[in-house]
Number of protein chains: 2
Amino acid sequence: MILKSQVEWVLHCCALLAGLPENHYLSTKTLAEFHGVPKEYLSKALQNLSQAAIVETTLGPSGGYRLARPTSEITFLDIVEAVEGKSPTFVCNNIRENNPCRSADHCDTKPCSVARIMWDADEAWRSKLRSVTLASLVETLAKDVPADLWKKSSEWVMART
Amino acid sequence: MILKSQVEWVLHCCALLAGLPENHYLSTKTLAEFHGVPKEYLSKALQNLSQAAIVETTLGPSGGYRLARPTSEITFLDIVEAVEGKSPTFVCNNIRENNPCRSADHCDTKPCSVARIMWDADEAWRSKLRSVTLASLVETLAKDVPADLWKKSSEWVMART
DNA sequence: GGCAATTTACTCGGATAAGGACTGTCCGAGTGTTCCAGG
DNA sequence: CCTGGAACACTCGGACAGTCCTTATCCGAGTAAATTGCC
């Protein structure tokens with residue numbers, strides 16, 4: 001069970017978009033070039049973000065993407081779920097129904113105990129992702145990324161906005 | 001990102017094995033029949049449990065599997081990791097290295113900030129799974145499963161042990 | 001210089017394909033139990 | 001009745017397809033800015 005590489009891509013893209021001034025857009029091409037990933041496939045992932053109302057898009061030249069909300073109101077969970085989907089990582093196929101001793105008319109009132117535990121763990125994972133916003137990521141990055149690289153990257157991006 | 005259906009299978013198998021008296025074994029065939037899943041493919045999953053020292057096996061007729069440890073010392077995480085592997089669900093491909101502004105000799109001292117957050121969430125998921133033992137699952141099941149079904153299932157299993 | 005038409009650059013969505021992972025099946029080798037035949 | 005060998009039932013491991021998901025790639029349609037041409 002491994003997350004799509006698209007998740008990594010869009011997280012980094014959002015980090016880049018978060019550093020952008022108001023009313024500026026970044027094109028898929030620029031985002032793909034900056035991260036060294038295939039432009040057209042990255043586009044698919046960004047479309048998911050767009051559908052989830054995390055980013056906004058403008059058509060035409062000088063078009064592209066920008067964040068649809070303040071960075072403090074976008075969580076990691078929003079982004080991950082936009083790409084991976086909201087359905088739990090554990091699917092219960094109710095194999096207890098195959099129990100040969102089970103009478104045909106038996107109706108399970110409660111969800112399977114095994115599934116409940118797995119879903120709780122899934123919720124713990126999502127809850128952790130929900131607690132981290134884009135704003136806090138930017139804070140962390142500002143501390144971790146060397147100042148000169150930060151400055152050069154910023155200029156590189158602004159030249160293409 | 002969805003867990004293998006094998007995970008569901010082996011969790012239910014472990015629940016069944018947990019109800020077994022000491023020194024009794026259940027064959028793959030019996031376990032597969034009880035849960036209505038393909039015998040040979042279930043066998044693959046059980047081999048993983050065997051490698052992880054969660055279950056023990058005996059060859060020959062009247063052979064099969066039994067738990068290798070007390071139910072209180074087997075966690076959901078043990079079982080899930082035996083089937084799914086121990087590697088984190090998020091893999092960091094270090095796409096920040098593709099940053100065109102990055103100097104060639106630049107060496108990243110810290111792991112990627114994005115990856116750290118994702119790994120924290122992964123750990124929260126694993127931590128939750130680690131907190132649930134087979135013993136507590138059996139307790140829950142004893143409460144949730146109707147008494148007559150529990151009794152009949154127990155007899156069905158014991159007839160094949 | 002001002003306005004309309006054309007070109008251009010971009011997003012969006014669908015179609016398509018390669019590769020890998022998950023799911024499932026089959027078979028041979030090894031092992032321990034059970035059963036049967038011969039003494 | 002006792003003992004040795006054959007038959008049997010099971011696990012283990014490898015080999016092998018089928019199907020779905022991931023990872024792309026390509027192209028046409030639509031849109032808005034930029035450019036060009038014309039008055």
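Fair warning: this is a prediction, and the values are worked out from it, not measured in the lab.
- Residue B/Lys29 has its side chain nearest to D/dC10 when only D/dC26, C/dT25, D/dC10 are considered.
- Below 30°, between 30° and 60°, or above 60°: for A/Trp119 and A/Phe90 the angle between ring planes is above 60°, a perpendicular geometry.
- B/Leu3 places its CG atom 15 Å from the C1' atom of C/dT23, with the value rounded to the nearest Å.
- When distances are taken from the side chain of A/Pro61 to each of C/dA9, C/dG24, C/dG13, the shortest belongs to C/dA9.
- In this structure a side-chain-to-backbone donor-acceptor pair under 3.5 Å is missing from B/Arg130 to B/Thr75.
- Between D/dG13, C/dC12, D/dT11, one nucleotide has an atom nearer to the side chain of B/Leu59 than all others, and that is D/dT11.
- In terms of phosphate contacts, B/Ser50 brings no side-chain nitrogen or oxygen within less than 4.0 Å of OP1 or OP2 of D/dT11.
- Picking from C/dT11, C/dG24, D/dC27 the nucleotide with the shortest atom distance to the side chain of B/Pro38 gives C/dG24.
- Side-chain atoms of B/Glu8 come within 3.5 Å of backbone atoms of A/Asn93 as a donor-acceptor pair (strictly under, hydrogens ignored).
- By the rule that hydrophobic residues join a cluster once side-chain heavy atoms approach within less than 4.5 Å of another member, A/Val138 and A/Ile74 end up as members of separate clusters.
- For the OP1/OP2 pair of C/dT11 and a distance below 4.0 Å, the side-chain nitrogens and oxygens of A/Thr28 include at least one atom meeting the criterion.
- Each of A/Ser27 and A/Met1 was matched to the nucleotide of DNA chain C holding its nearest heavy atom; the match closer to the 5' end belongs to A/Ser27.
- When heavy atoms are screened at a 4.0 angstrom cut-off, B/Ser43 is found touching no nucleic acid atom at all.
- With the nearest nucleotide of DNA chain D identified for both A/Tyr41 and A/Gly60, A/Tyr41 has the one nearer the 5' end.
- For the pair A/Ile2 CD1 and D/dT22 P, the computed distance is 12 Å after rounding to whole Å.
- Comparing D/dA24, C/dT33, C/dC22 by their nearest atom to the side chain of A/Trp9 picks out D/dA24.
- Nucleotide D/dT11 holds its C1' atom 13 Å from the CG atom of B/Leu31, rounded to whole Å.
- The pair B/Lys86-B/Asp78 does not count as a salt bridge, with every side-chain nitrogen at least 4.0 angstrom from each carboxylate oxygen.
- Contact of B/Lys39 with C/dG24 (side chain to base): no donor-acceptor pair of N or O atoms is detected under 3.5 Å.
- The side chain of A/Thr57 lies closest to C/dT11 when the candidates are C/dG32, C/dT11, D/dA24.
- Take the nearest nucleotide of DNA chain C for B/Lys44 and for B/Glu84: the residue whose nucleotide is more 5' is B/Glu84.
- A/Glu56 places its CD atom 15 Å from the P atom of C/dT11, with the value rounded to the nearest Å.
- Between the C1' atom of C/dG13 and the CD atom of A/Gln51 lies a distance of 10 Å, rounded to the nearest Å.
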